Structures are given as C-alpha cells and as structure tokens.
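Treat the numbers as computed from the prediction; the structure is a model and nothing was measured. Because only heavy atoms are used, hydrogens play no part in the values below, and waters and symmetry mates are left out as well, while side chains stay in.
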Amino acid sequence: MAQQQQTRASPTGFSTIQKMVDETVEFYLANGGPAVARNEIRGLAATFSFMDEWPGAYRNALARIELAERAEQRKHEEREQRRLGEMMTAMMGVAQQTVMQQMVPDKATGADTALLKGADLSDGHIYYCLERLMEERYNGTEEMLFNQKSHWQAVFRLLSDAGMYGDDDFDAFDRLMKRVMPCRVNAAYSRSSVKNISQTLFNKPFIKWHYDPGLMKRREPYDRMVAIVERLIILLTTPEKH
C-alpha cells in the first residue's frame with residue numbers, strides 16, 4: 001500500500017505510464033493491428049488501474065486505437081472499391097480510369113473525412129468544441145493542453161482533413177475562425193503562425209503524422225499536437241450537451 005501511495009504522489013508517474021502506454025499502442029498497432037493493441041492495453045489495467053494517472057492514459061490509448069481502426073476501415077473500403085472497379089472493367093470493357101472516377105471519392109485535397117464521420121461541423125458546434133478544448137489539461141497536469149499559437153495548426157489540419165477547405169486554403173480557415181473563435185482562448189490565433197504549418201511535419205494529413213527527430217528535436221511538442229487533434233476529434237464527434 002505504501003508503494004501505491006508513493007506512486008500516486010509521484011509527479012513523474014504519469015509521464016512514465018503515458019510513455020509506456022504510448023509505446024505499447026505504437027508497437028501493437030504496427031505488429032497486430034487495433035484489436036491486438038486494445039487487448040494489450042486492457043491487459044495493462046490489471047497492473048496499473050490503481051494509479052490515479054491510469055484512466056487518462058487509458059482514454060488516450062483508446063482514442064488513438066479508434067483512430068487507427070477508422071483509418072484501417074477506410075483503407076479496406078478503398079481496396080474493395082478498387083477491386084470492384086477492376087471487376088467491372090473486365091466484365092464490361094469500361095475504361096478503368098472512368099470507373100475509378102465514378103467509384104472512388106475525389107482525394108485531391110488529401111482529406112481524410114473518415115476521422116470525423118458523423119461529426120457536427122456547423123459553426124455553432126465548432127465554437128462549442130473550441131471552448132471545451134481551451135479547458136483541457138495536458139496529461140493530467142494543471143498545464144493547459146492548448147497553450148501556444150502554433151497549436152492552431154492542429155485545428156487547421158484536422159478541419160482540412162475533414163474536407164472543409166483545401167490543404168493550403170488559409171483564407172477559408174481565417175474566415176472560419178472569425179465566425180467560431182471563442183471569447184477566451186489560451187493562445188491568440190495568428191494567421192501567419194498557421195501558415196507556417198507548410199514548413200512542419202504537420203502539413204501532412206493527420207493519419208500520416210509520425211515523429212521525425214530530424215524535424216523536431218524534442219518529442220513533447222509532437223505528442224502535444226497529436227493530443228490536441230485526438231481530443232478535438234472526440235469533441236467534434238460527441239453531441240453537444242445542453
């Protein structure tokens with residue numbers, strides 16, 4: 001019991017648990033897939049569920065696994081669409097390019113709309129979700145999750161992936177922010193800061209993000225950006241409480 005109490009009070013306990021959970025999820029997503037990763041994370045509960053930090057780490061892990069499942073499902077659907085297109089080409093003699101144009105959604109913007117499938121992307125709901133996002137704490141600490149101008153790049157990236165505007169349509173994002181900006185934010189919105197996303201690894205669709213030590217010397221800023229996107233996905237896909 002004394003050991004448990006010491007662990008609960010340790011200021012580094014969460015970072016240790018979160019790091020272990022992140023590494024477990026990353027390994028089993030790459031070597032087994034979402035179902036295996038989920039089972040492994042649930043297995044850790046027997047060892048760490050007594051810790052105050054465990055629920056937050058567990059929720060973050062499940063959110064990340066859910067994103068991977070959605071991405072996997074999207075890839076499966078695309079493979080099936082290609083298979084049907086090829087079958088129709090063989091059976092009907094229709095040019096493959098024409099068939100694919102008819103059957104496969106246009107991905108000219110690189111959008112991954114599956115991440116926000118069923119989400120309410122109205123101005124009112126985005127405003128509500130941004131308000132809630134500003135209240136989120138980082139990794140169970142008292143530190144705010146969203147606390148830098150560059151974090152608006154995460155918002156831009158996710159809504160671009162949802163197909164609300166093109167990958168480099170900063171004018172459209174700027175107009176959106178003028179409509180949905182909360183009265184109080186933790187870090188002021190800056191159009192120029194958001195445009196800098198083109199010089200970062202966050203310029204790619206969210207599901208293609210991966211930490212690159214050559215582009216970012218420290219891992220923590222990357223993990224925080226991932227956490228912001230994952231939390232915003234949960235907020236946007238959760239009905240607003242009245």
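Annotation: the span from Arg157 atom CZ to Phe206 atom CZ amounts to 11.0 Å, rounded to 0.5 Å. How far CD of Glu135 is from CG of Asn186: 9.0 Å, rounded to the nearest 0.5 Å. From Asp120, atom CG reaches atom OG1 of Thr237 across 11.0 Å, with rounding to the nearest 0.5 Å. To the nearest 0.5 angstrom, Ser150 atom OG is 9.5 Å from Asn196 atom CG. Interatomic distance, CE of Met225 versus CD of Glu230, reported as 12.5 Å (0.5 Å rounding). Put simply, CZ on Arg64 and CG on Asn60 are 10.0 Å apart, with the number rounded to the nearest 0.5 Å.
A distance-only check finds no donor-acceptor pair linking the side chain of Glu142 to the backbone of Arg137 [under 3.5 Å]. In this structure, the side chain of His125 does not engage the main chain of Ser122 through any donor-acceptor pair within 3.5 Å.
Annotation: side chain to side chain donor-acceptor pair (under 3.5 Å) contacts of Glu131 (sequence neighbours excluded): Tyr127. Residues meeting the side chain to side chain contact (heavy atoms under 4.5 Å, CB included) test with Glu40, sequence neighbours left out: Thr24, Tyr28, Val36. Under the side chain to side chain donor-acceptor pair (under 3.5 Å) criterion, Asp168 pairs with no residue, sequence neighbours left out. In this structure Ala35 satisfies the side chain to side chain contact (heavy atoms under 4.5 Å, CB included) test with no other residue, sequence neighbours excluded. Qualifying salt bridge (Lys or Arg N to Asp or Glu O under 4.0 Å) partners for Glu66, counting only residues two or more places apart in sequence or in other chains: Arg70. Scanning for side chain to side chain donor-acceptor pair (under 3.5 Å) contacts around Asn39 gives an empty result, with sequence neighbours left out. For Arg191, the side chain to side chain donor-acceptor pair (under 3.5 Å) criterion is met by Asp171, not counting sequence neighbours. In this structure Asn31 satisfies the side chain to side chain contact (heavy atoms under 4.5 Å, CB included) test together with Phe27, sequence neighbours excluded. In this structure, the side chain to side chain contact (heavy atoms under 4.5 Å, CB included) partners of Arg231, at least two apart in sequence or on a different chain, are Leu133, Glu136, Leu145, Ile234, Leu235.
Annotation for Asp174 and Tyr189: closest pair OD1-OH, 2.8 Å, computed over non-hydrogen atoms. The minimum heavy-atom distance linking Ala154 with Val229 is given by the pair CB-CG2, 3.7 Å. Across every non-hydrogen atom of Ala61 and Val21, the tightest pair is CB-CG1, 3.5 Å. Contact between Ala37 and Val25 at its shortest, heavy atoms only, is CB-O, 4.4 Å. In plain terms, the two heavy atoms of Pro34 and Leu29 that are nearest each other are CA-CD2, 3.7 Å.
The salt bridge (Lys or Arg N to Asp or Glu O under 4.0 Å) analysis of residues 144-153, with sequence neighbours excluded, yields no pairs. Pairs passing the side chain to side chain donor-acceptor pair (under 3.5 Å) check and including a residue from residues 197-215, sequence neighbours excluded, do not occur.
Within a 6.0 Å sphere centred on CZ of Arg184, other residues, nucleotides and ligands contribute 12 heavy atoms or fewer.
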Which atom pairs, one a donor and one an acceptor, fall under 3.5 Å between side chains of residues 214-222 and the rest of the protein, sequence neighbours left out?
residue	atom	partner	partner atom	Å
Arg219	NE	Asp223	OD1	2.8
Glu220	OE2	Arg224	NE	3.1
Glu220	OE2	Arg224	NH2	3.2

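At least one side-chain heavy atom of Leu232 sits under 4.5 Å from a side-chain heavy atom of Val155. The shortest distance between side-chain heavy atoms of Tyr138 and Asn147 does not fall below 4.5 Å.
When the side chains of ILVMFWY residues are joined at heavy-atom separations under 4.5 Å, either directly or via intervening members, Ile228 and Met144 end up in two distinct hydrophobic clusters.
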task = Let me see the working for Ile207 and Leu67 under side-chain contact (heavy atoms from CB on, under 4.5 Å), right down to the final yes or no.
result = CA-CA 8 Å; Ile207 60 171; Leu67 290 174; over 6 Å; no
task = Please step through ring pair (Phe, Tyr, Trp, His ring centres under 6.0 Å) for the pair Phe156 and Tyr165, ending with a clear verdict.
result = CA-CA 9 Å; Phe156 172 85; Tyr165 40 77; 5.2 Å; yes
CA sep, side-chain torsions, deciding dist, call: Trp152, Phe146, ring pair (Phe, Tyr, Trp, His ring centres under 6.0 Å) = CA-CA 9 Å; Trp152 288 105; Phe146 191 111; 4.9 Å; yes
key: Steps toward side-chain contact (heavy atoms from CB on, under 4.5 Å) verdict (Val185, Leu130)   = CA-CA 9 Å; Val185 295; Leu130 290 178; over 6 Å; no
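Side-chain atoms of Thr141 and Asn139 form no donor-acceptor pair, as typed in the model, at a separation below 3.5 Å.
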